[in-house]
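What follows is a set of notes on a single structure, which appears directly below.
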2 protein chains.
Amino acid sequence: MIKGPAVAVTIKDVARLAGVSQSSVCRALADPARVRPETRDRVERAAHELDYHPNRVARSLITGRTLNIGVVLPDLANPFFPSVVKAIQTRARGFDYAVFLSDTDEDPALEVPAIRALAEQVDGFLLCSPRAADEELRSNAREKPIVVLNRRVTPFPSVTADSADGMRQAVAHLHALGHRSVAYVAGPRTSWSNRDRLRGLRAATAARGMDLVEAGNVAPTVDGGAAAADLVLATPATAVLAYNDLTALGLIQRFHARGVDVPGRISVVGFDDIHLAALVVPPLTTVAIAKEQIGRAGVDLLLASMAGRDSTGTARRVLPTQLIVRGSTGPAPV
Amino acid sequence: MIKGPAVAVTIKDVARLAGVSQSSVCRALADPARVRPETRDRVERAAHELDYHPNRVARSLITGRTLNIGVVLPDLANPFFPSVVKAIQTRARGFDYAVFLSDTDEDPALEVPAIRALAEQVDGFLLCSPRAADEELRSNAREKPIVVLNRRVTPFPSVTADSADGMRQAVAHLHALGHRSVAYVAGPRTSWSNRDRLRGLRAATAARGMDLVEAGNVAPTVDGGAAAADLVLATPATAVLAYNDLTALGLIQRFHARGVDVPGRISVVGFDDIHLAALVVPPLTTVAIAKEQIGRAGVDLLLASMAGRDSTGTARRVLPTQLIVRGSTGPAPV
DNA sequence: AGCCAGTCTGGAATCGTTTCCAGAACATTG
DNA sequence: CAATGTTCTGGAAACGATTCCAGACTGGCT
């Protein structure tokens, strides 16, 4: 049987049982050194007997700290994000923080409202790949510390992947395989990492005198990739880089449906290295990002930002990327 | 430029600007019918001008309602859960609820602490596929309403999938293809849905006089499935059903690595119909669960449970399952 | 005009905690 | 012994909202 009472026990109950004032109970529990040992014992015994736990809501009202962090991301259905969120959650738990999750469904207009809705209940935000304009995001800067993941927005601390280097690796790989013309299937126009990847790709292809065909912007999903496949085939490109793995998988799926050989006719490279990239046939060559590290680093930066009372730190962590070569890339057709 | 003030605007500021009392501001915003139209206008104008939003923390202190719900799940890396969470979040947002997320990393011992940690800050819980013992879960029943997803735990309301029927469909499909001996690769022993699926499978095979080989319990992951593949091949089974899609993908992956033809030598059936089941080669035949519906129904049940002040309702929603036939199943080898 | 019912409003109490402030008790020092 | 400091404590004021209560005003009715 359960003995716990239906109604919560408050600090007053403890004070009464211990025969001291509320203030002393509070002090005894928050900072035992500030009360006499005897008082401390009495309070602790009473608190333990009643199974008292301070009400976080009431506490946060006066201290202003909630021990919660808010995570805002565009689409949980993209396997990239669950990995990051999982790492965030695990890390946060280690510091006794709980996590609010808000999925904005790839709608930039939902991001600021999501932040506003959570603002009072969290001590800070982790914005994963936010789609809203810099200016909009900055408009929340005064309220709570913000750390941005997968994007750089002045003046917030950020954690990003070194896309340029990843693209360099991918292009070097394709070049070595004899490819001279590559296509890029871009993600959302509002995505910073899309622009970042494209920038890196342009630099990398230019450096090797390769031809780059930009095949348009699509949704960062399997369907988006599938929709771009035929466009890509209509270009002279012998290899295609996709904004992310989902898009790449969509490309492969459509190529497969049309009987186009991968990598015989065309090579495919993804980005992110989601779990299932290794499972498709052919397994996907992709640029891996340290997703867990992004989550962890984000929490660490946010905690530092909160502790320093400085929401506009200039900390910028750039994590390395690594090309994972699998079966979806091969020699260019002759 | 940002005009928002650093410090939050409170109800007092609105009252001052509107030239009325706090009480009137509160009434005007909470229930416009309770104040004179003119007062309402003044308040609304002032609130709008100051961009005032009531502080949820302060409100919850007095009303006892937080407008948050807690979601506890075993592993966000399993694509099944993000789908459910996304649906939960979307549905909850519609009712102005925010979502706390806690990933317990498949560790049953973390579930109750996760619930306790969130208890004060939420109005109720959605437990997705909880792994902890019934008794442990029940020990939280007094505190806050709980709705269980993918499992039945008296006395909580629950939302489950009709696994038995799904298994019936899968077995009928395999039987029609000529299979007479099938294997089952089970998930975690502590998983209710694993037991539920196994029960359904036993009934279905028995009903058709088919042979069922139980190939042991594995982690509900790709690696778990891969680990069981060789065991399955050592049995006389010509088809294998997996606890979930990840396990099935692991099986296929290992079969592929060993040069075993799917479905030529052996057919594979998954469970859940995660997004990527359709993308592997061969695409996975699987029993689809309405993941979004589970999330939505869970929220609805929880809200009802909270409104009714009755955390131990007996509502049990069982959602239909549907076999999706793809390329991983074929005629039994002769 | 006088009375009553009804509408609308402001002040104050409240939720559970932390923190400020002032005073009590005790010890220390010249 | 007086003066000063230190330690510890309880009362009360916050935090920002909601809600109770009583009073002010309106209007309708006799």
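Chain identifiers are assigned alphabetically (A, B, ...) following the order of the sequence lines, protein sequences preceding nucleic acid strands; residue numbering begins at 1 within each chain.
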Categorize A:V20 for me: base, sugar-phosphate, or nothing, with a 4.0 angstrom heavy-atom threshold over every strand shown.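 The residue A:V20 makes sugar-phosphate contact but no base contact.
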
From [atom1] of [X] over to [atom2] of [N], roughly how many Å is that when rounded to an integer?
| X | N | atom1 | atom2 | value |
| --- | --- | --- | --- | --- |
| A:R56 | D:dC15 | CZ | C1' | 18 Å |
| A:N55 | C:dT18 | CG | P | 9 Å |
| A:R65 | C:dT19 | CZ | C1' | 16 Å |
| A:R16 | D:dG11 | CZ | P | 13 Å |
| A:E120 | D:dA17 | CD | P | 8 Å |
| A:I11 | C:dC15 | CD1 | P | 14 Å |
| B:R42 | C:dC8 | CZ | C1' | 13 Å |
| A:Q22 | D:dC15 | CD | P | 17 Å |

Relative to the 5' end of DNA chain C, which residue comes earlier, B:V35 or A:C26, by the nucleotide with the nearest heavy atom?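 Nearest nucleotide further toward 5': that of B:V35.
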
With a 4.0 Å cutoff (strictly under), does any side-chain N or O of [X] reach OP1 or OP2 of [N]?
| X | N | value |
| --- | --- | --- |
| B:S24 | C:dG10 | yes |
| B:R36 | C:dT9 | yes |
| A:T10 | C:dG16 | no |

Do B:L126 and B:V72 make a side-chain contact, defined as non-hydrogen atoms from C-beta onward lying under 4.5 Å apart?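 Not touching, per the 4.5 Å side-chain cut-off.
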
Would you say B:N150 and B:F80 make side-chain contact, with heavy atoms under 4.5 Å?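 Heavy-atom side-chain distance check passes, below 4.5 Å.
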
Which nucleotide wins on minimum distance to the side chain of [X], given the candidates [options]?
| X | options | result |
| --- | --- | --- |
| B:S23 | D:dG11, D:dT19, C:dT17 | D:dT19 |
| A:A58 | D:dA17, D:dT19, C:dT17 | C:dT17 |
| A:I62 | D:dA12, C:dT18, D:dG16 | C:dT18 |
| A:L61 | D:dG16, D:dT18, D:dT9 | D:dG16 |
| B:R27 | C:dT18, C:dG10, D:dT18 | C:dG10 |

Polar side chain donor-acceptor pair, B:D123 to B:T66, under 3.5 angstrom: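 A donor-acceptor contact under 3.5 Å links the two side chains.
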
Name the one of B:V148, B:L127, B:L301 that satisfies side-chain contact (heavy atoms from CB on, under 4.5 Å) with B:F156? B:V148

Pair B:R131 + B:E106, salt bridge at N-O below 4.0 Å: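 Salt bridge between B:R131 and B:E106, a charged N being under 4.0 Å from a carboxylate O: yes.
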
